[in-house]
Amino acid sequence: MISSFLTPPRRQYVLCAFLLSALSINTFHADAFTPNKWKATVSVPPSYSSSLARADSSALHVLKEPQRAVASTATENDEQMSIQAVAVDGLNNMIGFNGMEPTPFGYERYKAISLQAIDKVAEKHPQLEPHLDDIRLSGLVFPFKASPYYVDELIDWESENLREDPFYRLVFPTMDMLEKHHREKLVKAKEGGDPAVLMKTVAEIREDLNPHPAGQKTLNAPKNADLTGVQHKYSETVLVFPAAAQTCHAYCTYCFRWAQFIGDDELRFAQKEANYLFEYLADREEVSDILMTGGDPMIMKTKSLAQYLEPLCDPNFLPHIKNVRIGTRSLTFWPQRFTTDTDADELITLMRRVRQEGGRHLAVMAHLGHVRELSTDKVARAVERIQTEAYATVRSQSPVMRGINDDAEVWAEKWRKEVQMGIIPYYMFMARDTGAQKFFDVPLVKAQRIFSDALRNTSGLIRTVRGPSMSCTPGKVEVTGVEEIMGEKAFVLRFLQCRDEAWIGRPFFAKYDPDAVWFDDLEPLPGMQLPWDESGLPLPITKPLN
């Protein structure tokens, strides 16, 4: 059983097995653990050292159907199974789902494509072959997972430069995502041939990548031992991370919650029981919104999702909760979740009941960053079902990322298509200070220009969108523009959300800096002060102006 296999004393052995399997070593032979065997099997990409040996196409199968194991029923035993299954999956690609096999019985069934299965992808899409070594090595640090739908229908395999295709870049990691000293450190540890050293090196690099930005662990989590997957940063909104939702149909290379997927319980948020969340909410009538997030709540089977949504179908249960938001990228990675999955109809019914019976607004907060994500018949059908059968609103949000969508026309085209489909443009975010931020970041001044240029070429219906916004320690800070203040070029900024509500909507200024990418790069104008202290917490407003 997985639950017994993953008891705490064995975690390190599991991680070792993951490292060995990810590097294509046959772990069923004892000599795989000897230095000679290790060195004979493991090398590095040509751009960093010698070439990796071609991976054995066989995968290490631990779970046959990850979704069923992650969240099959709403029982306590299944919840525990889901936690353990996510933990295994979180060991960054140890599970070798090939994801490329034909689906029986005439319907599509989700099967994750892991690091172990990229040879299968390369067989179908040979353009991937030159990049396999780079993906395998960088995949030791960054989580990797893809879906068959995404790989086959969204990546432009005929692109002149595959690595520059935004949808290749979005899911396939590369060593370029690491800074030079981290690349060198990883290559050296790998060439050394000692699995323990490699494990330690990977852990050290991950720790350097700021796994929990914006005070998520230290500032946002309530001091309650039962609330292991809850954040409460703003008074009216509570975030919940269901334990069975702490994975996704695929992983974004720039994910700011990548630490949820690497198998380290110290870094994960995971709420094991819904009842503790409801008890917390019952005492806080100022809360009007629940935001279910992850991971991706839509990875859950409907029976597990019902633990959180079924009680909200009763209008007398927590009547102060008016809005339920579900953060998801399933429209991009697996739109079949809403249409052809075996429990898709039950999901749509459950969502509709939250609205019809519970009288609450249900919003699907869709991570959509490029118009290509909206181009398939499958996503069109999924959006239609959400809107017309589940009676839910779809809102779109995405960070602006270098090499993916750092172009005004990409955003304008996306927003136009969204409004045409009845999707409400909501946010443009900045790359958070975590993971591969330096590989993907866009300077604040460029992001603001992209936003403004895109907005001025679109219909007024699109101007529900806000941004570019930094979700940082003090709150959500919008870069409103660049102006001259007292003879000095300056950023004009405002809080869209703040830990101190008195700051919301009030403009403030910072020195213009063409290289600034995050709030802590900003400096005050002469004679002025930024509205946060050295720790990033907002300063009190001493002189209200209105």
Side-chain angles (χ1 to χ4, degrees), residues 20-26 40-61 66 92-104 108-178 183 187 190 249-254 332-336 370 372-373 375-379 403-404 436 439:
L20 293 171
S21 65
L23 293 169
S24 307
I25 292 176
N26 187 340
T41 310
V42 178
S43 55
V44 295
S47 55
Y48 301 110
S49 186
S50 58
S51 175
L52 268 174
R54 174 76 187 268
D56 184 340
S57 61
S58 65
L60 176 60
H61 288 273
N92 193 13
N93 317 314
M94 174 187 162
I95 306 173
F97 311 123
N98 69 34
M100 305 300 292
E101 296 175 356
T103 305
E108 292 179 278
R109 185 178 66 189
Y110 169 77
K111 293 188 74 175
I113 300 171
S114 75
L115 199 65
Q116 285 286 6
I118 57 173
D119 277 347
K120 292 286 187 182
V121 179
E123 289 175 10
K124 188 172 185 179
H125 302 287
Q127 301 92 329
L128 187 64
E129 182 72 33
H131 311 296
L132 293 180
D133 295 347
D134 184 35
I135 295 166
R136 289 192 189 100
L137 187 55
S138 55
L140 295 178
V141 174
F142 297 103
F144 169 78
K145 186 196 287 184
S147 72
Y149 165 81
Y150 182 91
V151 166
D152 291 340
E153 301 199 34
L154 293 182
I155 294 176
D156 181 5
W157 293 105
E158 302 307 317
S159 173
E160 289 185 10
N161 186 346
L162 181 61
R163 281 170 56 94
E164 297 303 314
D165 177 66
F167 286 78
Y168 174 93
R169 193 178 179 98
L170 197 152
V171 295
F172 286 104
T174 171
M175 287 290 283
D176 292 338
M177 290 165 56
L178 293 171
R183 293 198 299 266
V187 167
K190 188 177 175 189
H249 292 98
Y251 295 148
C252 303
T253 42
Y254 57 73
T332 300
F333 291 148
W334 192 251
Q336 296 95 316
H370 197 286
R372 198 188 301 174
E373 296 169 65
S375 65
T376 71
D377 291 339
K378 289 174 182 174
V379 76
I404 294 177
F439 182 72

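FYI, the numbering just counts along the sequence from 1. These numbers come from a predicted model, not from an experiment.
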A.B. asks: Please report the closest heavy-atom contact between Tyr251 and Pro143, naming both atoms and the distance.
C.D. replies: CD1-CB, 3.5 Å

A.B. asks: Evaluate the side chain to side chain contact (heavy atoms under 4.5 Å, CB included) criterion for residues Tyr150 and Ile113: first the C-alpha distance (whole Å), next the side-chain angles of each, then the deciding distance (0.1 Å), finally the verdict.
C.D. replies: CA-CA 10 Å; Tyr150 182 91; Ile113 300 171; over 6 Å; no

A.B. asks: Holding to side-chain contact (heavy atoms from CB on, under 4.5 Å), I want the full list of residues that pass it with Glu160, two or more places apart in sequence or in another chain.
C.D. replies: none

A.B. asks: Would a 4.5 Å heavy-atom cut-off, applied to side chains only, mark Val187 and Leu137 as touching?
C.D. replies: yes

A.B. asks: If we only count heavy atoms from C-beta on, is the Ile155 to Leu162 side-chain gap below 4.5 Å?
C.D. replies: yes

A.B. asks: Who pairs with Asn161 by side-chain contact (heavy atoms from CB on, under 4.5 Å), at least two apart in sequence or on another chain?
C.D. replies: Arg163, Glu164

A.B. asks: Tell me, please, which residues at least two apart from Ala250 pass side-chain contact (heavy atoms from CB on, under 4.5 Å).
C.D. replies: Phe333

A.B. asks: Tell me the closest heavy-atom pair linking Asp152 and Lys124, and the distance in Å.
C.D. replies: OD2-NZ, 3.0 Å

A.B. asks: Could you walk me through whether Asp165 and Arg372 pass side chain to side chain contact (heavy atoms under 4.5 Å, CB included), step by step?
C.D. replies: CA-CA 11 Å; Asp165 177 66; Arg372 198 188 301 174; 3.1 Å; yes

A.B. asks: Within the side chain of Glu373, is there an N or O that forms a donor-acceptor pair under 3.5 Å with the backbone of Thr332?
C.D. replies: no

A.B. asks: Could you tell me which residues satisfy side chain to side chain donor-acceptor pair (under 3.5 Å) with Tyr168, sequence neighbours excluded, listed by chain and number?
C.D. replies: none

A.B. asks: Can you name the residues that form a side chain to side chain donor-acceptor pair (under 3.5 Å) with Thr253, not counting sequence neighbours?
C.D. replies: none

A.B. asks: Can you name the nearest heavy-atom pair linking Glu129 to Ala122, along with the distance?
C.D. replies: OE1-CB, 3.9 Å

A.B. asks: Ignoring hydrogens, what is the shortest heavy-atom contact between Arg169 and Phe439? Give both atom names and the distance.
C.D. replies: NH2-CZ, 3.5 Å

A.B. asks: Could you check whether any side-chain heavy atom of Met175 comes within less than 4.5 Å of a side-chain heavy atom of Val141, counting everything from C-beta outward?
C.D. replies: no

A.B. asks: If I compare all heavy atoms of Pro148 with all of Lys111, which pair ends up nearest, and what's the gap?
C.D. replies: CD-O, 3.3 Å

A.B. asks: For the atom pair CG (Asp119) and CG (Leu132), what is the distance rounded to the nearest 0.5 Å?
C.D. replies: 5.5 Å

A.B. asks: What's the spacing between Lys190 NZ and Leu140 CG if we round to 0.5 Å?
C.D. replies: 6.0 Å

A.B. asks: What do you reckon, are the aromatic ring centroids of Phe172 and His131 less than 6.0 Å apart?
C.D. replies: no

A.B. asks: Do Leu128 and Trp157 touch side chain to side chain, with heavy atoms closer than 4.5 Å?
C.D. replies: yes

A.B. asks: Roughly how far, to the nearest 0.5 Å, is NE2 of His249 from NZ of Lys145?
C.D. replies: 8.5 Å

A.B. asks: Which residues satisfy the side-chain contact (heavy atoms from CB on, under 4.5 Å) test with Thr376, sequence neighbours excluded?
C.D. replies: Tyr149, Glu153, Leu154, Lys378, Val379

